[in-house]
Amino acid sequence: LAKGVGELVEQIGRGKISVFIAGGLDDLTLGTDPNMVRKMLNAADNPEGVLVLMDLGSSVLSVEMAIEEMQEKQRSRILVCDAPFVEGALAAAAQLAAGSTIQEAAEEARRALEPKITQLESSAKSSASPSIKSEVAVTINNPLGLHIRPAASIVQTARRFKGEITIRNITRESTAVSAKSLNAIMLLDVRKGHKVAIGASGPDADQALRDLTALISSNFGESELSDPIRSNYHVSPSIPNSLTGIPVSPGIAVGPAMVVQTRPETTGRREAADPQLEWTRLCSALDSSSRELSSIRQQTVKHIGEYEAAIFGAHILFLDDSVLLDSLRQLIFTERLSAESAWHTKIQAMSSNYERSENPMLQSRAADLRDVGNRVMSKLTGSITSQTTVAGQPFIVVATDLTPSETTSLASPDTLAICIARGGPTSHASILARRLGIPAIVGLGENLMKINNGTLLAVDGEIGRVWIAPDAVLQNELETRQKTWLSSRQSFNSARLKPAISLDGRHIVVSANVGNLEDARSGMEFGAEGIGLLRTEFLYLNRQSPPGEMEQIRTYSEIFEVVGQNPIIVRTFDIGGDKIVPYIDFHEENPFFGSRGIRLSLERTDLLRTQLRAILRAGANFTVKVMFPMISTVEEIRRARAFIDDVGEKLQTERLPMPRRIEVGVMAEIPSAALIAEMIAPLVDFFSLGTNDLIQYTMAADRTNPKTWPLADGMNPAILRLIKHVVDSAHNHGKWVGLCGELAGDPVAVPVLLGLGVDELSVTPPSIPEIKALIRRINIGEVRKMAKLALTKESGEEVRNMVLSRLQRN
Ligand code: PEP
Ligand code: MG
């Protein structure tokens, strides 16, 4: 397309215009490459300026990305024109050929569609679609969403009616498409749990809506657990058609498997004829492993980060350990073992010691030991221990588990997804995948390893499912989803580090909900402007005794360092409810209504004191704020505050550093606290709405019970009224209100929350770019009216429909 238009422009320009083509990913593949755009812009740069014309979609993004990294001076010479590509380019060419400036040419280009519109006006009018009579919203509940079969059922049903039938994906905020077109429906990328709106016009609109809603509500005849694709293709009977694991990093991928096979380790006590020779061989293997590790370390710092690189520093130190070297020397010279056997014996003994430990930290050291062990062994035997590449094409990694070096070596654009048989959400592979935005599933089970290298796989990292040798239909479907996912991610991500400023100029702070150091890192990478909720429970769980002051200081300091001078809200421990620890005696019939959060803190003041000391000490040079969970009375906040004052005074007496001033806030997550917010406001600096709990306690709907989830809609006017009350009370006293429940990451809820006056949103790291992008499309003045109307509705469903139809109109 670009080449064709370029040729026409050159003809019109008659040698007076230089044309630079930046279309296609290469000579054969459609698409746009930001690097190529940048190269062409550099080549075209000249004092009179460069006019950029592009078609839709990825080309716009590529141009934005190419320009983003340029020096201001060069950028000022570039005019990116939003005119239609073909007509605009021809109009601009005519102007430039006649001696106009690029600004004049751009203006002419923008008007380039006018003649065509005038010409076609009458036919356009006659083909305008009749307005939709009514719409209903329904949730899609079948496991794979609107894949080809359910989409076909919708088309068949819709085609029985004369009027226009439309469908749109409310969750993805898509525009309405014809429900009579299979392709159009597939492109909506409707997943399980998404809401869609069905619209109908014409005399039989009501019947059409009834039939389509009934079809969707029956889950298209699929049972919740059935896999509609399963029967459609055949693979080896010993391998299931799909495997389900723990989703640890979202996204979709389709590609060949690259199976990382760890070769059997060398075993046996092979005796050595010449100990000196064996010792020299071992020393040289250690030496070359060490050099290799230094180079991997440097590469990792450069391409991934200091944190991931640190593990290789530890490996180098391990190889240089004098105790280890002494015992190896003894095995070789006294027991006359070969270098391989001595090394194998030592690594085996040490790693099984670590494996037997109950401490998960020590257990994970065993993987490091095996990793470094394999490296040295491969030097001794001259073989590689695992295969980590497939010839020159993108792949999906399949492995039992990945060692740190395997994981980092896979951090390349060729890695489409990672599937792990074992492992957990905190394994190296999971962490790295999340940070790099690679879809990943762990805990897929040992069947995963029956897959052969090169087998086609389709991976859905959102639901934790991998399909083995999918048929063409499923493959197509996932590839379409993959494209949609990649393009929306690219557009959100390119602006993730910029502040979220609404259309009417209001900066809404978007922070991260963080539950450990890794989340903090990922939050900052996804563009967080601070931590809106640091859940500190991770320090207390999975152990036999509570964490001490120094341990806590170390952990908080690491997290604070990552966030720098951005605000950090540390919530004191919210143990209790479903977070039970062995060193506190909980014997409660209803733990969610028992001693949890601040109640427990005020019983176990020893734990509260230690935590507050650690937060204040670690926060000496940071913008740290303290927040108390589960406040239900004014008295609790008075007592809790008194502890902060007391701890602060003691630290001063001990001459220990602490922040000069510390803001104190409360979670508004129990209805009583929301209702008396007017009384709490003078005692605090801020509120954070904890809608996860606020909803469960207001609606009496257990947040862990799937049966009551339909009741637990944060858009229910009961919840919205509580939110409004908290916001108004806080604002009356000059205090601000954040929202850190899951509701803050719900794109339909965000306009209403901002309309109600919420000042800050705190969400899980991967949602940050999308929520920021959404805020940039909102006019706060407008959504205030919408929020007011929402308060008068009867149900969450009504509020959602209202919001969606208004957004649609604007
Ligand atoms: C909440 O209740 O909304 C909240 C953010 O706290 P948690 O989910 O940790 O209970
Ligand atoms: Mg809570």
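Every heavy atom of this structure was used, including side-chain atoms; hydrogens, water molecules and symmetry mates were not. In listed order, ligands and their atoms are each counted from 1. Keep in mind the model is a prediction, meaning the values are calculated, not measured.
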Report, in ascending order of atom number, the atoms of ligand 1 lying under 4.0 Å from any heavy atom of [X].
{"X": "Arg596", "result": "10 (O)"}
{"X": "Glu669", "result": "1 (C), 2 (O), 6 (O)"}
{"X": "Gly690", "result": "1 (C), 2 (O), 3 (O)"}
{"X": "Gly741", "result": "3 (O)"}

Stepwise side-chain hydrogen bond (donor to acceptor under 3.5 Å, both in side chains) check, Asp693 with Gln696: CA-CA 5 Å; Asp693 278 314; Gln696 92 160 336; 2.9 Å; yes

Q: Give a yes or no on this: more than 12 heavy atoms of other residues, nucleotides or ligands lie within 6.0 Å of atom NZ of Lys724.
A: no

task: Please check if atom CD in Glu794 has more than 12 non-hydrogen atoms from other residues, nucleotides or ligands closer than 6.0 Å.
output: no

Review point. Heavy atom of Met630 under 4.0 Å from ligand 1?
Key: no

State if Met667 counts as touching ligand 1 under the rule of any non-hydrogen atom under 4.0 Å.
yes

Atom name of the N, O or S atom of Glu669 nearest to the Mg ion (ligand 2) is OE1

Among the N/O/S atoms of Asp693, the Mg ion (ligand 2) lies closest to OD2

Residues Gln552 and Thr610: side-chain donor-acceptor under 3.5 angstrom: no

- Message: Checking side-chain polar atoms at under 3.5 Å, does Ser632 have a donor or acceptor matched by the opposite partner on Glu636?
- Response: yes

Checking heavy atoms under 4.0 Å, the part of Arg571 that sits near ligand 1 is side chain

At under 4.0 Å between heavy atoms, what of Leu533 touches ligand 1? The answer is side chain

Decide yes or no for Val514 and Arg535: does some side-chain heavy atom of the first lie under 4.5 Å from some side-chain heavy atom of the second? no

Notebook entry, point to check: Does the side chain of Tyr697 reach to within under 4.5 Å of the side chain of Glu669, using non-hydrogen atoms?
Noted result: no

Checklist entry - According to the interplanar angle, ranging from 0 to 90°, do the rings of Phe573 and Tyr540 count as parallel (below 30°), tilted (30 to 60°) or perpendicular (above 60°)? => result tilted

Do any nitrogen or oxygen atoms of Glu537 come within less than 3.5 Å of a nitrogen or oxygen of ligand 1?
no

heavy-atom search around atom 9 (O) of ligand 1 in the protein gives Arg535 NE, 2.7 Å

